[in-house]
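Taking it in order: structure first as structure tokens, then the write-up.
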Amino acid sequence: MKKLIFLLFFLISLSTIAQEQKEEIEKRISKAEMPLKAIRFLEKFSGKRIKKYRYIFETDGVKKSYEAKFKRSSNWYSVEFNEQGVLEDIEVSLHKKQVEKDILKQIDTFLNSTFDAFQIEKIQAQYLGKGFPEKALTKALKLKNEPDNFELIVNTKNKGKYQRFELLFDASGNFKTKRKVANQTYDYLIF
């Protein structure tokens with residue numbers, strides 16, 4: 001009986017750890033493989049100086065989604081849809097100088113207090129599509145509006161251990177969530 005309880009505890013712990021790690025698999029697909037509802041949504045914005053779309057199918061083993069990626073000005077956009085073609089979120093890659101200084105300072109304070117060393121690999125403004133998807137994309141295309149969140153990919157070093165994390169901060173730079181990202185083999189070269 002004790003072995004069975006231990007086994008159940010171990011499996012539950014393992015599944016919890018697995019959920020906190022980001023291991024997404026992306027596969028490029030054709031426009032025809034995208035949900036029709038997603039394509040119709042994107043067509044509304046085709047005249048907005050958007051360069052060629054790339055279509056992606058993404059899965060993390062449980063959740064499946066579709067993305068349209070494109071470049072506008074000097075920023076990359078990722079528009080994510082669920083399997084039915086409903087907008088989930090829009091992420092816009094930003095340069096550090098595009099983030100308000102106060103917000104960046106708040107994020108840096110968190111990173112400095114949490115890790116021995118870190119390097120920000122990617123910063124994205126995240127606009128959620130709940131309720132008014134057209135409004136979310138319009139806000140994202142303007143880039144002057146306050147995003148719902150900031151999502152960062154950060155390479156870290158803590159007590160000699162190298163790890164990558166996806167960190168989510170609110171619009172003011174306050175920490176929300178953290179997920180471990182599968183490490184790349186060259187992490188030790190970053191620091």
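- Partners of Phe132 by side-chain contact (heavy atoms from CB on, under 4.5 Å), not counting sequence neighbours, listed by chain and number: Lys135.
- Applying the side chain to side chain donor-acceptor pair (under 3.5 Å) criterion to Glu67, with sequence neighbours excluded, gives Ser78.
- Checked against ring-ring contact (aromatic ring centres under 6.0 Å, His included), Tyr127 has no partners two or more places apart in sequence or in another chain.
- Every side chain to side chain donor-acceptor pair (under 3.5 Å) that Glu33 has, sequence neighbours left out, goes to Ser30.
- The aromatic rings of Phe175 and Phe169 sit perpendicular to each other, their planes meeting at more than 60°, with 30° as the lower class boundary.
- Residues satisfying the ring-ring contact (aromatic ring centres under 6.0 Å, His included) test with Phe70, not counting sequence neighbours, are Tyr53, Tyr77.
- Listed by chain and number, the residues in a side chain to side chain donor-acceptor pair (under 3.5 Å) with Lys69 are Glu26 (sequence neighbours excluded).
- Side chains of Tyr55 and Ile39 form a contact here, defined as non-hydrogen atoms less than 4.5 Å apart.
- Although no hydrogens or angles enter the test, the distance criterion places no donor-acceptor pair under 3.5 Å between the side chain of Thr114 and the main chain of Leu111.
- Partners of Lys27 under the side-chain contact (heavy atoms from CB on, under 4.5 Å) rule, at least two apart in sequence or in another chain, do not exist in this structure.
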- Query: Checking side-chain contact (heavy atoms from CB on, under 4.5 Å) for the pair Lys96/Leu104: CA distance, chi angles, key distance, verdict?
  - Reply: CA-CA 8 Å; Lys96 261 188 166 181; Leu104 200 53; 4.2 Å; yes
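- Heavy-atom contacts from other residues, nucleotides or ligands closer than 6.0 Å to CD of Glu134 number more than 12.
- Applying the side-chain contact (heavy atoms from CB on, under 4.5 Å) rule to Lys142 yields the partners Thr138, Asn145; only residues at least two apart in sequence or on another chain are considered.
- Under the 4.5 Å side-chain criterion, counting only non-hydrogen atoms from C-beta, Gln124 is not in contact with Trp76.
- Residues satisfying the side chain to side chain donor-acceptor pair (under 3.5 Å) criterion with Asn149, sequence neighbours excluded, are Gln126, Lys176.
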Anything under 3.5 Å between a donor and an acceptor, one on a side chain of residues 79-88, the other on a protein residue two or more places apart or in another chain? List them.
residue	atom	partner	partner atom	Å
Glu80	OE2	Ser65	OG	2.8
Asn82	OD1	Gln84	N	2.9
Asn82	OD1	Gly85	N	3.1
Asn82	OD1	Val86	N	3.0
Glu88	OE1	Lys63	NZ	3.0

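- Looking at Asn75 and Gln98, their side chains do bring a donor and an acceptor atom within 3.5 Å of each other.
- Evaluation of the salt bridge (Lys or Arg N to Asp or Glu O under 4.0 Å) test over residues 104-114, restricted to residues two or more places apart or in two chains, returns none.
- With sequence neighbours excluded, the residues forming a side-chain contact (heavy atoms from CB on, under 4.5 Å) with Ser172 are Asp170, Asn174, listed by chain and number.
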